[in-house]
Asks: 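Before anything else, here's the structure in question.
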There are 2 protein chains.
Amino acid sequence: MLIYSISELAREFAVSTRTIRYYEEMGLICPERNQNSRRIFTKKDYARLKLIMRGKRFGFQLNEIKEMVLLFDQDPTGQKQLVRTLGYGKEKILEINERIEELQELKIEMEEMMRRLEAGISLPRQKEEFQ
Amino acid sequence: MLIYSISELAREFAVSTRTIRYYEEMGLICPERNQNSRRIFTKKDYARLKLIMRGKRFGFQLNEIKEMVLLFDQDPTGQKQLVRTLGYGKEKILEINERIEELQELKIEMEEMMRRLEAGISLPRQKEEFQ
DNA sequence: TATAACATTAACGTTAACGTAAGCTTCAAG
DNA sequence: CTTGAAGCTTACGTTAACGTTAATGTTATA
């Protein structure tokens, strides 16, 4: 599909139309309008919304998400802008790495706890440490 | 250190004392009190707060976090309770796996974009897809 | 012993991220 | 042609997660 109405997008991403309008209000998306001022969403808008939703799943706030998408949106033709974008991107990648590591730790801890539970051991001392 | 005051914990976790009191208000922690009704935080409370903060970093809401910590808090002596806890834990591990995968995807995409930027290529077509 | 630093509860204020309702226009189907 | 579904704007309502203030009590220390 090449273009979407607001309700189609809302259905697709399992959010309300109000949510999408709110994202436009906040400047995270800028869909075109037809002659009757109805919003027209392109594939580009779709992709943008997908990024926004992912950011939300990761617990980022809308203004953080906005900062990210806007920064990567403008093509950094100027040398200075490019350097800035690169620095930002590398920083974000480091943050992502930290998150991945933390999640893997959490996973290991939970698996450990599951094993203990399955073995039928309460292990109050260990519990104290984890809890 | 074996016990903490509320301001010590607040400093340690870089939050306000109000935040810690709020978590108690919401039932996420239950610190003991001294004879003058001042809160006394033990190592156990410290560990609990650490878990809460991690949950926050992952974008969980306080009631979700509460559900988790409370569920793993009670030792599931009853068979039924144990089964329930095990099921919940395995579900959570699956969720964590999904998050890790999603983060790794995101990381790859961002590294890809960084490489393109460093190569000095705008790639409008690719931009459209990612953006 | 005074006094600053820290603690308590109670209560009202704030902000992000929407929900909801009203009043209007537009569009598609029978 | 009407009628119901969908869209629009405006605006007020809601909730989670605290911030802030007030009024008061406690503790440490010079």
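Note on naming: letters A, B, ... go to the chains in the order of the sequence lines (proteins, then strands), and numbering restarts at 1 for each one.
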Asks: Can you list everything that forms a side-chain hydrogen bond (donor to acceptor under 3.5 Å, both in side chains) with B:Arg99? Sequence neighbours excluded, please.
Replies: none
Asks: At less than 4.0 Å, is any side-chain N or O atom of B:Thr19 found next to OP1 or OP2 of D:dA17? Yes or no.
Replies: no
Asks: Nearest-nucleotide wise, let me know which of B:Phe60 and A:Phe41 is further upstream toward the 5' end of DNA chain D.
Replies: A:Phe41
Asks: Would you say a side-chain N or O of B:Ser5 is under 4.0 Å from OP1 or OP2 of C:dA7?
Replies: yes
Asks: Which side-chain N or O atoms in residues 4-11 of chain B pair as donor and acceptor under 3.5 Å with protein atoms at least two apart or in another chain?
Replies:
from: B:Ser5; atom 1: OG; to: B:Ser7; atom 2: OG; distance (Å): 3.3
from: B:Ser5; atom 1: OG; to: B:Glu8; atom 2: N; distance (Å): 3.3
from: B:Glu8; atom 1: OE1; to: B:Ser5; atom 2: N; distance (Å): 2.8

Asks: Given atom CD of A:Glu25 and atom C1' of C:dT15, what is their separation to the nearest angstrom?
Replies: 15 Å
Asks: Please list all pairs meeting ring pair (Phe, Tyr, Trp, His ring centres under 6.0 Å) that have one or both residues in residues 15-41 of chain B, counting only residues at least two apart or in different chains.
Replies: none
Asks: Working note: A:Arg54 + B:Glu102, criterion salt bridge (charged side-chain N to carboxylate O under 4.0 Å, His left out); need CA distance, chi angles, decisive distance, verdict.
Replies: CA-CA 9 Å; A:Arg54 182 155 63 182; B:Glu102 201 169 11; 5.2 Å; no
Asks: Just jot down the ring-ring contact (aromatic ring centres under 6.0 Å, His included) partners of A:Phe13, sequence neighbours excluded, or say none.
Replies: A:Tyr46
Asks: Need one value for B:Arg39: base, sugar-phosphate or nothing, where a base atom within 4.0 Å counts as base even if backbone is also close, heavy atoms only.
Replies: sugar-phosphate
Asks: Would you kindly give the CZ-to-P distance between A:Phe13 and C:dA17, to the nearest whole Å?
Replies: 18 Å
Asks: Starting at CG of A:Leu28 and ending at P of C:dA16, how long is that distance when rounded to a whole Å?
Replies: 13 Å
Asks: Indicate for each nucleotide in nucleotides 20-30 of chain D, in 5' to 3' sequence, whether protein heavy atoms under 4.0 Å reach the base (B), only the sugar-phosphate (S), or nothing (-).
Replies: B----BBS---
Asks: Nearest whole Å is fine: how far is D:dA5 P from A:Arg11 CZ?
Replies: 14 Å
Asks: Please state how far atom CD1 in B:Ile6 lies from atom P in C:dA5, giving the value in whole angstrom units.
Replies: 19 Å
Asks: Is the shortest side-chain N/O distance from A:Lys66 to OP1 or OP2 of C:dA16 below 4.0 Å?
Replies: no
Asks: C:dA16 phosphate, OP1 or OP2: any side-chain N/O from A:Tyr22 under 4.0 angstrom?
Replies: no
Asks: Can you measure B:Tyr23 atom OH to D:dC18 atom P for me and round it to whole angstrom units?
Replies: 4 Å
Asks: Taking only Lys NZ, Arg NE, NH1 and NH2, and the carboxylate oxygens of Asp or Glu, determine whether B:Glu118 and B:Arg115 approach each other closer than 4.0 Å.
Replies: no
Asks: If you compare every side-chain N and O of A:Ser16 against the phosphate oxygens of C:dC18 (OP1, OP2), does one of them come in below 4.0 Å?
Replies: no
Asks: Among D:dC18, C:dT8, D:dT9, which nucleotide sits nearest the side chain of B:Arg33?
Replies: C:dT8
Asks: Going by the ring pair (Phe, Tyr, Trp, His ring centres under 6.0 Å) test, which pairs reach into residues 80-110 of chain B, not counting sequence neighbours?
Replies: none
Asks: Rounded to whole angstrom units, what separation is found between the CD1 atom of B:Ile20 and the P atom of D:dG19?
Replies: 11 Å
Asks: Tell me whether the OP1 or OP2 atom of D:dG7 has a side-chain N or O from A:Thr17 closer than 4.0 Å.
Replies: no
Asks: Once you round it to whole Å, what is the distance between C1' of D:dA17 and CZ of B:Arg21?
Replies: 15 Å
